[in-house]
Visitor: 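What follows is a structure written as structure tokens; I'll ask about it next.
Below, read A as the first sequence line, B as the second, and so on, with proteins coming before strands; counting in each chain starts at 1.
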Amino acid sequence: MAKELTSREDNYSQWYNDLVTKADLAENSAVRGCMVIKPYGYGIWERMQQALDKMFKDTGHENAYFPLFIPKSFFSKEASHVEGFAKECAVVTHYRLKNDPNGKGIVVDEDAKLEEELIVRPTSETIIWDTYRNWIQSYRDLPLLINQWANVVRWEMRTRLFLRTAEFLWQEGHTAHATKDEAIAEAEQMLRVYAEFAEEWMAVPVLRGVKSPNERFAGAIETYCIEALMQDGKALQAGTSHFLGQNFAKAFDVKFLNKENKLDFVWATSWGVSTRLMGALIMSHSDDNGLVVPPKLAPVQVVIVPIYKNDEQYERISERANEIKKALENKGIRVKYDGRTTQKPGYKFAEWELKGVPLRLAIGPRDLENNTVEVARRDTLEKESLLQQNLEQKVANLLEQIQKNLYQKALDFRNENTFKVDNWSDFKDRIEKGGFVMAHWDGTSETEQKIKEETKATIRLIPIEGYREEGNCIYSGKPSVQRVYFARAY
RNA sequence: CGGGGCAUAGCGUAGUCCGGUUAGCGCGCCUGCUUUGGGAGCAGGAGGUCGCAGGUUCGAAUCCUGCUGCCCCGACCA
């Protein structure tokens, strides 16, 4: 295993890449822009899936699965939707290969051309709404609350592990409602679910709000979002929830009879989070020693490392370690006993630190003597010696503390890096240094565009609730009713 | 898709300008001994169609032509 991690200060994006590969989360594959998610990384993703899936079910949703391929014609039915995705679609044009007549391997069989090309889904609104048409006739069929776990493909120009890959894993919820208010309530509810997940499970504090028209999802009336701040001062969109109005219902002719026996188009939402959350997790908590995983999502919450000088000691320590492991597991804690005899303790310490395991227990001859165990916290890197009595409770408490501490640290960081700015030169200066900048904006796309061109900063979100404040646009000087959050983003 | 760069062992690289024996080094890997409370030491060993296809030459990692792939910077994006 390669040892040294590039430091964040030396080269932040190199640090990120090193970390993802060295902590065994993922690696680049033979296919450009597509990654291989390794077992350890996938283990974290599975934890995320489980927690989210439960939250979706608790809010009344069911899982289903729709096809990977979408007929090309479906895409042209919702105008702004095509426009948003057309430039990054993978297209299936043929269904057969044959041996090259010139003997150069295998080639596409031109005779096997599809009548209608198939698009590899970049998102599933179109195929799902085409299906919903047959599922919905009456208000009694509503609401329809469905989620799917899937992979999607967006042919991105430049990719980065987890943050932007050509293929990524996600969930997409697609709901249909009888009224506008109900659909809006659904979109807002799912945003709350995402925010709660980010904060309570990932320990990543997020801002909630809506996107400006420029940044809105293709085909949406309103896009709600959560935004997190990464350690390098750039913002990351961590989840979105869209109120789609009747756009897709009209495009796919999904009508229902309401209680008054009148035909109406249904109201829609869609919402999703992706493996990008892995990127948010990594960049929120990790340090120059490697990954830091919040206990609630850690595949391994506690690792036990034995320290010994001979076989006899190894046997005795292993026995004790396995007893402790069992006791912890009985309390629902995920424990790994690293009894490898092929690596030295120092090596194991470094390796588990790199992988971000929240707590490490070391047991050596001294601990056997004294009935103690050395406990090391990944978040603070502090070590202390604890008596083995009632260790389960102490460990459980520590895990809880670590979870809270990670959230608090990330929150403090965000607060320290959120600034109110009231004039253009301060704005440019502040954006250059990173962080969220709260500033007045005149509400026009033109201004937003100009600001983006001149500073690379975008409006990350417009707060939904909270205080209103009169002011003047940072760029145009025109009147504004509230501050919005600007940042450079991933 | 524009601009720049790179391609040599699993990874990172030297050698390429100026052609010349068995292509060198570090990490990792294998074997043995000594080690084990923060990434061990010593000794021995395995591993290479030098991205691909042509060409020049007595001789090509090195020179020429064509191709392919990747990386970085822009425009695009969850």
Side-chain angles (χ1 to χ4, degrees), chain A residues 1-6 11 13-14 17-18 21-22 27-33 83-89 104-105 122-123 150-160 162-172 194 211 214-218 220 223 225-228 235-242 270-280 289-290 305-311 313-314 317 338-354 360-370 372-376 381 383 385 452-453 456 458 460 489-490:
Chain A
M1 171 172 298
K3 308 296 184 202
E4 288 302 317
L5 203 58
T6 306
N11 184 339
S13 65
Q14 185 68 45
N17 286 333
D18 279 5
T21 52
K22 288 178 181 172
E27 62 190 28
N28 281 308
S29 72
V31 184
R32 192 204 76 99
E83 204 187 309
F85 287 104
K87 284 168 288 180
E88 49 185 29
C89 285
K104 295 198 169 178
T123 179
N151 59 338
V152 289
V153 169
R154 296 182 190 175
W155 213 261
E156 301 289 352
M157 294 301 177
R158 293 186 55 212
T159 59
R160 291 192 69 195
F162 289 118
L163 294 174
R164 188 182 305 113
T165 47
E167 179 194 16
F168 56 94
L169 306 183
W170 77 347
Q171 59 69 218
E172 46 181 327
Y194 287 155
K211 286 293 184 193
N214 271 359
E215 300 277 326
R216 217 173 259 159
F217 176 75
T223 288
C225 66
I226 53 172
E227 291 275 333
L236 183 77
Q237 178 172 309
T240 48
S241 177
H242 315 290
S270 71
W271 29 274
V273 294
S274 72
T275 35
R276 175 180 260 198
L277 288 178
M278 292 286 291
N289 297 314
V305 177
I307 292 151
Y308 55 93
K309 294 208 189 313
N310 52 52
D311 288 355
Q313 276 184 0
Y314 178 75
I317 290 166
D338 186 355
R340 287 178 294 176
T341 54
T342 49
Q343 317 292 351
K344 298 194 2 169
Y347 180 94
K348 294 177 185 174
F349 290 176
E351 182 175 306
W352 292 113
E353 218 155 72
L354 182 59
R360 181 186 71 235
L361 307 186
I363 305 174
R366 287 206 302 267
D367 297 300
L368 278 193
E369 291 287 317
N370 305 329
T372 55
V373 55
E374 184 192 80
V375 180
L381 297 171
K383 291 193 281 198
S385 190
K452 186 178 178 183
E453 280 162 21
K456 291 184 188 158
T458 48
R460 299 320 303 159
Y490 274 94

Visitor: Pull out every protein N or O sitting under 3.5 Å from an N or O of nucleotides 41-44 of chain B, one pair per line with the distance.
Guide:
none

Visitor: Listed by chain and number, what are the salt bridge (Lys or Arg N to Asp or Glu O under 4.0 Å) partners of A:R164, not counting sequence neighbours?
Guide: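 Expected list: none.
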Visitor: Whole Å only: how far is the CZ atom of A:R154 from the C1' atom of B:A78?
Guide: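 Atom-to-atom, A:R154 to B:A78, this comes out as 6 Å.
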Visitor: Which nucleotide in the set B:G38, B:G37, B:G74 lies at the smallest distance from any side-chain heavy atom of A:E353?
Guide: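 Nucleotide nearest to A:E353's side chain: B:G38.
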Visitor: Does A:N310 have any side-chain contact (heavy atoms from CB on, under 4.5 Å) partners at least two apart in sequence or in another chain, and if so, which?
Guide: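 Checked A:N310 against side-chain contact (heavy atoms from CB on, under 4.5 Å); matches are A:E312, A:Q313.
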Visitor: Quick one: list whatever passes side-chain contact (heavy atoms from CB on, under 4.5 Å) with A:T458, sequence neighbours left out.
Guide: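 side-chain contact (heavy atoms from CB on, under 4.5 Å) check on A:T458 returns A:E215, A:K452, A:R460, A:A489.
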Visitor: Under 3.5 Å, is there a donor on one side chain and an acceptor on the other for A:E167 and A:N151?
Guide: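 Side-chain D/A pair, A:E167 to A:N151: present.
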Visitor: Once side-chain contact (heavy atoms from CB on, under 4.5 Å) is applied, do any residues pair with A:E83, and if so which ones, sequence neighbours excluded?
Guide: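 So A:E83 forms no side-chain contact (heavy atoms from CB on, under 4.5 Å) with any residue.
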Visitor: Take the protein atom CD of A:E156 and the nucleotide atom P of B:G74, then report the distance between them rounded to whole Å.
Guide: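 These atoms are roughly 16 Å apart.
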Visitor: A:W155: which residues meet the ring pair (Phe, Tyr, Trp, His ring centres under 6.0 Å) condition with it, sequence neighbours left out?
Guide: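 Scan of A:W155 (ring pair (Phe, Tyr, Trp, His ring centres under 6.0 Å), adjacent residues dropped) gives none.
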Visitor: Tell me, please, which residues at least two apart from A:A362 pass side-chain contact (heavy atoms from CB on, under 4.5 Å).
Guide: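 So A:A362 forms a side-chain contact (heavy atoms from CB on, under 4.5 Å) with A:I307, A:F349, A:E374.
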Visitor: Please tabulate, one pair per line, each protein N/O and nucleotide N/O from nucleotides 1-8 of chain B that are separated by under 3.5 Å, including the distance.
Guide:
none

Visitor: Going by the rule salt bridge (Lys or Arg N to Asp or Glu O under 4.0 Å), which residues pair with A:R366 if we only count those two or more places apart in sequence or in a different chain?
Guide: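 Listed in chain order: nothing, the list is empty.
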Visitor: Could you tell me which residues satisfy side chain to side chain donor-acceptor pair (under 3.5 Å) with A:Q237, sequence neighbours excluded, listed by chain and number?
Guide: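 Applying side chain to side chain donor-acceptor pair (under 3.5 Å) to A:Q237 gives A:K211.
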Visitor: Nearest whole angstrom, please: distance from the C1' of B:C76 to the CD of A:E453.
Guide: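 That distance rounds to 14 Å.
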Visitor: Pick the closest RNA chain B nucleotide for A:S274 and for A:G364 by heavy atoms, then say which residue is nearer the 5' end.
Guide: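 Between the two, 5'-proximity favours A:G364.
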Visitor: With pairs taken as Watson-Crick or G-U wobble and both distances under 3.5 angstrom, which stems of at least three consecutive pairs involve RNA chain B?
Guide: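 Listed by first number, the stems are B:1-7 with B:68-74, B:10-13 with B:24-27, B:29-34 with B:40-45, B:51-55 with B:63-67.
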Visitor: Would you please name every residue forming a ring pair (Phe, Tyr, Trp, His ring centres under 6.0 Å) with A:F85, sequence neighbours left out?
Guide: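 A:F85 satisfies ring pair (Phe, Tyr, Trp, His ring centres under 6.0 Å) with A:H81, A:F217 only.
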